[in-house]
Enquirer: 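Dumping the structure here so I can ask a few things about it.
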Amino acid sequence: MANKPSIPKGTRDFSPTEMLRRKYIFSTIERVFQKYGFLPLETPAMENLETLTGKYGEEGDRLIFRIQERGRTFESGVAKAVAAGEGDPKRTSDQVRQQTASEGLRYDLTVPFARYVVQNQNEITFPFKRYQIQPVWRADKPQKGRYREFYQCDADVIGSTSLISEVELVQLFDDVFTALGLHVVVKINDRKVLSGIAEVSGQPEKVVDIVTAIDKLDKIGREKVEEEMRTKGVSDEAIKGIAPLFELKGTWSEQRPQLEKWLSASPTALHGLKDLAFTFDAVGPMKSAILEFDPTLARGLDYYTGAIFEVKAAEGTMPGSICGGGRYDDLTGIFGLKNMSGVGISFGADRIYDVLLETNKFPAELGGSTKLLFANFGAAEAMHCLKLLRQVREAGIAAELYPDHVKMAKQFKYADDKGIAYVAIIGENELKQGIVTVKDMKTGEQKAVKQEELIATIQA
RNA sequence: GUGGAUGUAGCUCAGUUGGUUAGAGCGCCGGAUUGUGAUUCCGGAGGUCGCCGGUUCAAGCCCGGUCCUCCACCCCA
């Protein structure tokens, strides 16, 4: 025990308390997913490297964890390459990294899902609605709220272009956050509107640069956004053409006519606005979420082609989004299956955890903890408790018997630390009289009841 | 990947211009006539000061390296 053991950077242990809370989030999300007709799917932690590479851009490729093959160490690979006359050490190590790994850890849940759909296309009934709650790994530099291992909770509909899916996903957001008791803002935009803005500005080919710049509007402000566009080669004229975007005010119904007027020259944009209008109309009243049109919402992901979603907490100080999603027309195309439109959303469980903790929204009593502890007064009493314990558990009450005959203070402290609601005391006296003394750990009150009344007392 | 900050007991942190046996609060363990936790009182244990090397008579403190955590950028959940 020279050095303390530790875990890899960017990974975490989850204590029992944390796990109960995490499971609460996961099971809430899962229950709503199922209510909307999504079916569970799991894919392996590792994929063939070729499945993963080239799907997340150049930056993304670097962040994929590669799995070292047996007998082909990185060092031996480099030595071999150098011996073979490879000069540039940086290029060499990149190449060797490719050569010594043929598998990698999954980077997200969407690409493995696309792979699964293509692989099983003949068995799947479309539209296919699946949900998936699993960890993903990124070889990133960790920061607060950014880990190298974290969970994603995805739900996607693939094989339908109907906007009904968009409507349902917005309602699903509302249901999940209503169940979690959190007020949120669901922001929505449409990639077609963004393309239209680029068209109207006169530089449609710069759509990606324009979009990633305006995505940062609320973070860096208008001037910096315009500066970034200029750096990326967007003309002053085009920037002027985008100006009306910054003047937009009001709610969706107020913004819509302004947008239609401004973008009237772009059929693409008008199509997007029509789709958005459908979603706004069809969603109907919401319970705890506010649906908001946000023309600056872009989410940077190249594969989104239609609706774009993002959810932010309306309470607490979490600055980033807690959910994201959107429609992608050709996700499976990269694996050879064309014309498969899909729309999906992802819940950021780790960030939702932080928000619920900060705003004190976790239920005080999360299932899983013991309700009743039998104090241990010695061999004879313990044997008696064992019998009662069976009955209590049969009644569905989580209960346990303190395993050792130690002093009461220690046993009560155990109950206190573990958040156990009641302690049943059966000592010599209670045993003789056929009663049990029940102490309510919260109020400190205790009363003697007949053994037959124990279960009713706990349940009351 | 670039730039910056931090790292002292289980936790949150003190630690004066380098100078004897490194401190506090909380927590933990034990006790206050042995059938009662969370409150009170008393006592105790626990740190090769992240790790490696250097400067010095002397390093928690200065210098270099390294790892972790954090912050900004990039990117994202």
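Below, read A as the first sequence line, B as the second, and so on, with proteins coming before strands; counting in each chain starts at 1.
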Enquirer: Donor-acceptor pair under 3.5 Å: do we get one between A/Glu430's side chain and the base of B/rG35?
Expert: yes
Enquirer: Taking atom P in both B/rC68 and B/rU2, what distance in whole Å separates the two?
Expert: 14 Å
Enquirer: Just call it for A/Met441: base, sugar-phosphate, or nothing, with non-hydrogen atoms closer than 4.0 Å on any strand.
Expert: base
Enquirer: Give none if B/rA24 has no partner; otherwise give the nucleotide forming a Watson-Crick or G-U wobble pair with it, both distances under 3.5 Å.
Expert: B/rU12
Enquirer: Would you mind telling me which of A/Ile290, A/Val311, A/Leu297, A/Thr296 makes a side-chain contact (heavy atoms from CB on, under 4.5 Å) with A/Lys187?
Expert: A/Leu297
Enquirer: Please say which of A/Thr110, A/Thr305, A/Asp156 ends up in a side-chain hydrogen bond (donor to acceptor under 3.5 Å, both in side chains) with A/Tyr328.
Expert: A/Asp156
Enquirer: Does any nucleotide pair with B/rG35 by Watson-Crick or G-U wobble geometry, both distances under 3.5 Å, and what is it?
Expert: none
Enquirer: Record whether the side chain of A/Arg146 comes under 3.5 Å of the base of B/rC75 through a donor-acceptor pair of N or O atoms.
Expert: yes
Enquirer: Closer than 4.0 Å, any side-chain N/O of A/Lys413 to the OP1 or OP2 of B/rU39?
Expert: no
Enquirer: How long is the line joining CD of A/Glu445 and P of B/rU36, in whole Å?
Expert: 19 Å
Enquirer: Check the geometry between A/Phe150 and B/rA77 and answer yes if their rings are stacked (centres below 5.5 Å, planes below 30°), otherwise no.
Expert: yes
Enquirer: Is the distance from OP1 or OP2 of B/rA77 to the nearest side-chain N or O of A/Lys312 less than 4.0 Å?
Expert: no
Enquirer: When the P atoms of B/rC61 and B/rC75 are considered, how many whole Å apart are they?
Expert: 40 Å
Enquirer: Determine whether any donor atom in the side chain of A/Lys439 lies under 3.5 Å from an acceptor atom in the base of B/rG37, or the reverse, and answer yes or no.
Expert: yes
Enquirer: Hey, does A/Asp108 reach any base, or is it just sugar-phosphate, or nothing, if we go heavy atoms under 4.0 Å?
Expert: nothing
Enquirer: Test for a donor-acceptor pair under 3.5 Å between the base of B/rU36 and the side chain of A/Gln411, counting only N and O atoms.
Expert: no
Enquirer: Would you classify A/Phe377 as touching base, sugar-phosphate or nothing, given that sugar-phosphate means primed atoms plus P, OP1 and OP2, and contacts are heavy atoms under 4.0 Å?
Expert: base
Enquirer: Could you tell me which nucleotide pairs with B/rG47 by Watson-Crick or G-U wobble geometry, both distances under 3.5 Å, or answer none if nothing does?
Expert: none
